[in-house]
Amino acid sequence: MPSLYIHIPFCSKKCHYCNFAVLTDTGAKGEYLEKLGEERDRWLQKVMQPIHTIYLGGGTPSLLTLEEVETLLAPIFLHTPTLEVAEVSMELNPENVTADYIQGLTAIGITRFSIGIQSLSKDALKKAGRSHSVDMAHKAMSILDSQSVNWSADLILGLPNESRDNHTLAEVLQYQPKHISLYDLTIEKDTPFGLLPKGTFLKDEDSITLRDTYISQLQQVGYIDYEVSNLAIPGYESKHNMVYWTGGQYIGLGLGSSSYYDGKLWSNYKNMKLYLESTQAFENKTVNMLSREEQGDLLFMGVTRLLEPISVTNTLGYY
């Protein structure tokens with residue numbers, strides 16, 4: 001069964017470390033969502049199997065209204081009823097989180113939320129160009145905790161003005177997330193961070209110390225590190241991400257999204273104009289037909305991220 005990744009490329013501002021296919025101008029949002037719907041419908045007609053998992057990523061999916069989310073997901077739930085989808089995840093930015101919004105998303109069919117906290121250091125957030133404050137992050141996590149929903153907190157290790165003994169994790173754990181993602185800061189040359197001197201950032205050895213400290217703290221309170229960047233309370237591992245790591249099939253919808261389906265690997269246009277003007281919404285530059293050996297290599301690269309042995313049944317394109 002294939003999974004769906006749906007890319008929402010719009011952001012209120014672009015973070016200083018980001019090199020993803022995102023746009024701060026939302027003027028094309030209506031046209032984009034219409035094109036995204038065309039791509040979705042074409043794939044739903046093509047795929048006869050049920051959809052395994054759905055992930056709304058970005059960008060900032062939480063810039064969508066409840067009506068826009070429902071319009072986007074409703075045809076998918078006609079194809080595969082909500083209760084038959086193993087997981088429906090959506091990324092959130094703290095500044096967009098309200099109790100009404102979370103309740104509305106849950107009613108639509110979202111079963112898991114991933115919130116971009118990144119840090120609870122005021123200086124680090126400012127230096128990273130994040131659009132939320134520390135207070136906004138605390139308020140958002142408090143709302144998620146009060147709603148008793150399944151949610152994950154994303155943290156970035158090594159941001160400027162952050163020490164190796166900071167207290168971000170301890171503060172996040174007060175709100176009892178089921179899942180924590182720990183991402184090491186990657187400096188991309190075509191970003192504002194890429195222009196800063198290396199001494200601006202946390203030293204590699206200090207970043208490693210911070211990671212080790214965080215992992216130890218999480219293990220002590222019952223989290224398992226099931227993948228190199230992800231820890232979860234047992235039973236709350238990300239089902240969607242496991243598809244990538246175990247060689248399962250996935251279809252990426254939207255700007256710059258990648259797909260692996262029916263032995264083929266490809267990506268959509270990263271240029272909005274090209275994406276919107278394409279005669280088929282999933283038209284792309286290159287489709288790579290993978291040999292069985294190449295599919296095996298793809299599976300191996302994913303499995304090496306996992307920290308426990310897995311069964312490879314239903315992998316290599318037969319998910």
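Basis for what follows: all heavy atoms, side chains included, without hydrogens, waters or symmetry-related copies.
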- Message: Would Ser216 and Gln220 count as a side-chain hydrogen bond (donor to acceptor under 3.5 Å, both in side chains) here? Give the steps.
- Response: CA-CA 6 Å; Ser216 176; Gln220 289 172 22; 3.2 Å; yes

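- Of the inter-residue distances, the one linking Asn230 atom CG with Ile180 atom CD1 reads 10.0 Å to the nearest 0.5 angstrom.
- Connection of Ile143 to Ile108 is established within a shared hydrophobic cluster, with ILVMFWY side chains joined at heavy-atom distances below 4.5 Å, either directly or through further cluster members.
- Residues Tyr261 and Tyr250 keep their aromatic ring centres 6.0 Å or farther apart.
- Residues Tyr55 and His240 bring their aromatic ring centres within 6.0 Å.
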- Query: Under the side-chain hydrogen bond (donor to acceptor under 3.5 Å, both in side chains) criterion, do Glu39 and Asn268 qualify, and how do the steps go?
  - Reply: CA-CA 11 Å; Glu39 184 181 15; Asn268 284 350; 2.8 Å; yes

- Message: For a side chain to side chain contact (heavy atoms under 4.5 Å, CB included) check, start with the C-alpha distance between Val88 and Thr53, then their side-chain angles and the critical distance, and finish with the verdict.
- Response: CA-CA 6 Å; Val88 184; Thr53 62; over 6 Å; no

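- With sequence neighbours excluded, the residues satisfying side chain to side chain donor-acceptor pair (under 3.5 Å) with Gln147 are Gln103.
- Exactly one of Leu155, Leu120, Ile117 qualifies for a side-chain contact (heavy atoms from CB on, under 4.5 Å) with Leu169. That residue is Leu155.
- For residues 85-137, the set of pairs meeting the ring-ring contact (aromatic ring centres under 6.0 Å, His included) definition, not counting sequence neighbours, is empty.
- Ionic pairing of Glu277 and Lys273 is present here: one or more N-O contacts between side-chain nitrogen and carboxylate oxygen are shorter than 4.0 angstrom.
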- Task: Let me see the working for Trp151 and Ser114 under side chain to side chain contact (heavy atoms under 4.5 Å, CB included), right down to the final yes or no.
- Result: CA-CA 6 Å; Trp151 66 281; Ser114 180; over 6 Å; no

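- Looking at Gln249, its side chain does come within 3.5 Å of a backbone N or O of Asp262 through a donor-acceptor pair.
- Residues that satisfy the side chain to side chain donor-acceptor pair (under 3.5 Å) test with Tyr5, not counting sequence neighbours, are His7.
- Legend: residues meeting ring-ring contact (aromatic ring centres under 6.0 Å, His included) with Phe77, ordered by chain and number and at least two apart, are absent.
- With sequence neighbours excluded, no residue forms a ring-ring contact (aromatic ring centres under 6.0 Å, His included) with Tyr223.
- Annotation: side chain of Val172 is in contact with side chain of Met141 (closest heavy-atom distance under 4.5 Å).
- Sorted by first and then second residue, the ring-ring contact (aromatic ring centres under 6.0 Å, His included) pairs with a member in residues 9-36 read Phe10-Tyr32, Tyr32-Tyr275; sequence neighbours excluded.
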